[in-house]
Visitor: 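If you scroll down you'll find the structure; I have some questions about it.
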2 protein chains.
Amino acid sequence: MANLKIPRVIKMPIEVQATDALRDAIVSGSIAAGERVTEIQISQQMNLSRATVRTALHQLAKEGLLTLVPYTGWTVISLSAHDVWELYTLRSAVERLAGRLVASTITPAKIERLDGAMDRLVRECERGDVDRIAEADFGLHHTIIKLADHGRLAAQYALIEQQVRMLIRSSDAFDPEAQILKLDQHRPIVDAIRAGDVELAGQLSEQHNLVEGEKLSARLKALQEQALLEEPTATLRPARKRAALG
Amino acid sequence: MANLKIPRVIKMPIEVQATDALRDAIVSGSIAAGERVTEIQISQQMNLSRATVRTALHQLAKEGLLTLVPYTGWTVISLSAHDVWELYTLRSAVERLAGRLVASTITPAKIERLDGAMDRLVRECERGDVDRIAEADFGLHHTIIKLADHGRLAAQYALIEQQVRMLIRSSDAFDPEAQILKLDQHRPIVDAIRAGDVELAGQLSEQHNLVEGEKLSARLKALQEQALLEEPTATLRPARKRAALG
DNA sequence: AAAAGGGCGATTGTCGACAATCGCCTTTCT
DNA sequence: AGAAAGGCGATTGTCGACAATCGCCCTTTT
């Protein structure tokens, strides 16, 4: 008999569903960056207990999507220029390691999966839809990470990817000219990994991220300058109810 | 008047105290690796509510120190050979980036802090106490990480360090011979950073960790072989109360 | 004797209520 | 009018109780 992998069905607690829903809301921008959220507000919207929502919020805080000021409130992160620098330097280190690991353990099966992700990127680039191109781009990077067979690396990459998604959303769309170069940037990386060239795969992966970080940083800097004058002062607590007039 | 940094005293919720205490118990080995823990047991020992303890457990699970099986129980991680590989490959990537960053932004002030950490390691090596040498070792690495001025990098390194501490504890003591070589291993890294040699600082940091990982992996493999026969089967739930005899 | 099925207790999951804390707003004083 | 001090409401922090779920153990069956 085949040694079937029994999926081991476990009932997912509502906690994780709430966490996933909230994470998606933040990453997708349904809840804006810098916005304040309260436990009661969310628990009412989701029809859940405050304790359950609170657990979800704590999880997302650990993922770096929220900050909590004790006895005061939760706030969605808003990424600064320094955050962009942190994200892309860290991502370059993570992807460099992933590229090296996959290249050093390359197999026909891995090449097949790699080609599948690369082919999808090629097709989407020909199609021209920027959102689908972006997804295929993430998909290729994600494939390389998975092939590294490194749980902690994958977990760390997931956190980075979430915040990068918030970034590229706030820059609204990609630079149209950059779309054309996308294939030229990724093909060498895939080729180096396929060839088992550890050093080259690592170096190209690292360099690719540093370049992307620079481009995104420049674009965001321009966007933020014009938005600097909006809402200069933010209150930490909400406005209080006015006293009743006589 | 001097622009004094007001520490902004905020009352720390008991949650974080409980989290810190539990984390310390796990990392220090007071709660053994692989051990099952229950919310009630801990809440009674700490004289706290289950909800508070539960929050702390969730935090530590996010840090990778605990695993939670829904409706079943919490278990302290026990690190396998693959985990050792993950930890040291990831640590090498993180420290490589840190080394590069510090080297590329080196200043007299940073050199001073670097020298302070290195001097401490030198003194402790002359003293000969393995525990204090280990702490000075961690201290030097920690100093480099802090000098990188990279929040996410520091956070990731903290998680890795915790698990590495669990590892070296289970290998009981360091290899006495390795203590002598410790200075020879760290001095070149510090020198490269001081000289602002980005490439060399990164390469030496990376290599140092990979070597350390190999050594620890070999030592643990020997230890685990003799411990393989102990407790071959572990129950997921505790023993149930026996039915009363007539 | 070996295998299949259900009972049952141990543990986590969820909820609502109350307490602690913070900071905005009003008031008071100068 | 400006500055300082206190009230007060909004929000998080903590707690205990009840519900949901899982898996060990015993029973039953073959």
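Residue numbers start from 1 in every chain, and the chains themselves are labelled A, B, ... in the order their sequence lines are given, proteins ahead of strands.
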Visitor: Determine whether more than 12 heavy atoms belonging to other residues, nucleotides or ligands lie under 6.0 Å from atom CD of Q41(A).
Guide: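 Yes, enclosed.
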Visitor: Q44(A) CD to dT11(D) P: how many Å, rounded?
Guide: 10 Å
Visitor: CZ of R54(A) versus C1' of dA20(C): gap in Å, rounded?
Guide: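 So the CZ-C1' distance, R54(A) to dA20(C), works out to 12 Å.
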Visitor: With a 4.0 Å cut-off on N to O distance, would you call R91(B) and E212(B) a salt bridge?
Guide: no
Visitor: Side-chain donor-acceptor pair under 3.5 Å between Q163(B) and R152(A), yes or no?
Guide: yes
Visitor: Below 4.0 angstrom from OP1 or OP2 of dT12(D), is there any side-chain N or O of W74(A)?
Guide: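 For dT12(D), OP1 or OP2 has a side-chain N or O of W74(A) closer than 4.0 Å.
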Visitor: Which atoms of nucleotides 15-19 of chain D (N or O only) lie under 3.5 Å from a protein N or O atom, and what are those distances?
Guide:
residue: dC15(D); atom: OP2; partner: S49(B); partner atom: N; Å: 2.9
residue: dC15(D); atom: OP2; partner: T52(B); partner atom: OG1; Å: 3.0

Visitor: Does R165(A) pair with E135(A) as a salt bridge, N-O distance under 4.0 Å?
Guide: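 Yes, R165(A) and E135(A) are salt-bridged.
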Visitor: Can you tell me which residue among L216(B), I160(B), D83(B) is in a side chain to side chain contact (heavy atoms under 4.5 Å, CB included) with Y88(B)?
Guide: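 Passing option: L216(B).
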Visitor: Measure the distance from CD on E15(B) to C1' on dT21(C) and round it to the nearest whole Å.
Guide: 14 Å
Visitor: Once you round it to whole Å, what is the distance between P of dA10(C) and CG of L68(B)?
Guide: 20 Å
Visitor: Verify whether one side chain among H150(B) and T89(A) offers a donor that lies under 3.5 Å from an acceptor in the other.
Guide: yes
Visitor: Please give, in whole Å, the distance from dC24(C) P to R36(A) CZ?
Guide: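 Distance, rounded to whole Å: 10 Å.
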